[in-house]
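I have placed the structure first, in the form of structure tokens, so that the comments after it can refer back to it.
Note that these values count all heavy atoms, side chains included, but never hydrogens, waters or copies made by symmetry.
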Amino acid sequence: MGKESWKPGNMLYPVPAVMVSCQRPGEKANIITLAWAGTICSDPAMLSISVRPERYSYDIIKETGEFVVNLVTTELTRACDWCGVRSGRDYDKFKEMKLTEFRSEFMDTPAIDESPVNIYCKVKKIEKLGTHHMFIAEVVGVTVDDKYMDEKGRFDLTATNLMAYSHGEYFALGKKLGKFGYSVKKSSGKSSKKKKSKKKSKKN
């Protein structure tokens, strides 16, 4: 057993496949499916998307300076794929996929109402990297579907059934394996045993 050496390539998988909505004033709204998207800063909240300049949505986002990142559930996977292989030059994607435009307080560009999480972004900088140009943007607001709020008033993201993209294929996210910091957290079982042993020693 060993390792094979390959030429440089994008092998950072899995990644989220997101539906990005955009719109020029007075024109129909459009959706572009992207896998090159990610978090880049927490304060201020910022993210990036990378788009090929020849894509229809590229000039729309460049001209308007805004877009909405819409997270994709397993139920939206077909629409996500369709919007990735069809051009907004030829189709009204909201209409074709029977998706609903949602207008928020944050910007004129509509979000996808069927998406559980909509992230509203204002472009701060465009980096021309090569085949793709990166739009670095600040998050100016977020809307979430209130049906995923739990009894404690917290948003239950795991209940939304998000999907992931890996090397040309879509996957439903699997079971929970742990949470941040669990590897160094003291076991509740061990701590309870210690407490019991201390109580016994006091009685003795």
Should we count [atom1] of [X] as having more than 12 external heavy atoms under 6.0 Å?
{"X": "Lys122", "atom1": "NZ", "result": "yes"}
{"X": "Leu129", "atom1": "CG", "result": "yes"}
{"X": "Asp108", "atom1": "CG", "result": "no"}

Rounded to the nearest 0.5 Å, what separation is found between the [atom1] atom of [X] and the [atom2] atom of [Y]?
{"X": "Ile61", "Y": "Asn30", "atom1": "CD1", "atom2": "CG", "result": "9.0 Å"}
{"X": "Ser48", "Y": "Phe135", "atom1": "OG", "atom2": "CZ", "result": "11.0 Å"}
{"X": "Arg55", "Y": "Ile60", "atom1": "CZ", "atom2": "CD1", "result": "11.0 Å"}
{"X": "Cys41", "Y": "Ile136", "atom1": "SG", "atom2": "CD1", "result": "10.5 Å"}
{"X": "Lys147", "Y": "Asp156", "atom1": "NZ", "atom2": "CG", "result": "12.5 Å"}
{"X": "Leu173", "Y": "Thr158", "atom1": "CG", "atom2": "OG1", "result": "10.0 Å"}

Within the distance-only criterion (no hydrogens, no angle test), does the side chain of [X] pair as donor or acceptor with the backbone N or O of [Y] below 3.5 angstrom?
{"X": "Thr77", "Y": "Thr73", "result": "yes"}
{"X": "Asn70", "Y": "Val68", "result": "yes"}
{"X": "Ser21", "Y": "Ile31", "result": "no"}
{"X": "Asn118", "Y": "Ile112", "result": "yes"}
{"X": "Thr109", "Y": "Cys22", "result": "no"}

Tell me the closest heavy-atom pair linking [X] and [Y], and the distance in Å.
{"X": "His132", "Y": "Ser50", "value": "CD2-O, 3.7 Å"}
{"X": "Thr74", "Y": "Ala172", "value": "CG2-CB, 3.8 Å"}
{"X": "Ala159", "Y": "Tyr148", "value": "O-CE2, 3.5 Å"}
{"X": "Val140", "Y": "Met107", "value": "CG2-CE, 3.9 Å"}

**Prompt:** Can you name the residues that form a side chain to side chain donor-acceptor pair (under 3.5 Å) with Tyr58, not counting sequence neighbours?
**Reply:** His133
**Message:** Among residues at least two apart in sequence or on other chains, which ones pass side chain to side chain contact (heavy atoms under 4.5 Å, CB included) with Lys152?
**Reply:** Asp150, Arg154
**Request:** With sequence neighbours excluded, give me every side-chain hydrogen bond (donor to acceptor under 3.5 Å, both in side chains) pair touching residues 91-102.
**Result:** Thr100-Glu114, Glu101-Arg103
**Item:** Steps toward side chain to side chain contact (heavy atoms under 4.5 Å, CB included) verdict (Asp146, Phe155)
**Value:** CA-CA 8 Å; Asp146 58 12; Phe155 185 72; over 6 Å; no
**Request:** Could you go through the salt bridge (charged side-chain N to carboxylate O under 4.0 Å, His left out) check for Lys124 and Glu138 one step at a time?
**Result:** CA-CA 7 Å; Lys124 294 297 181 182; Glu138 183 173 350; 3.7 Å; yes
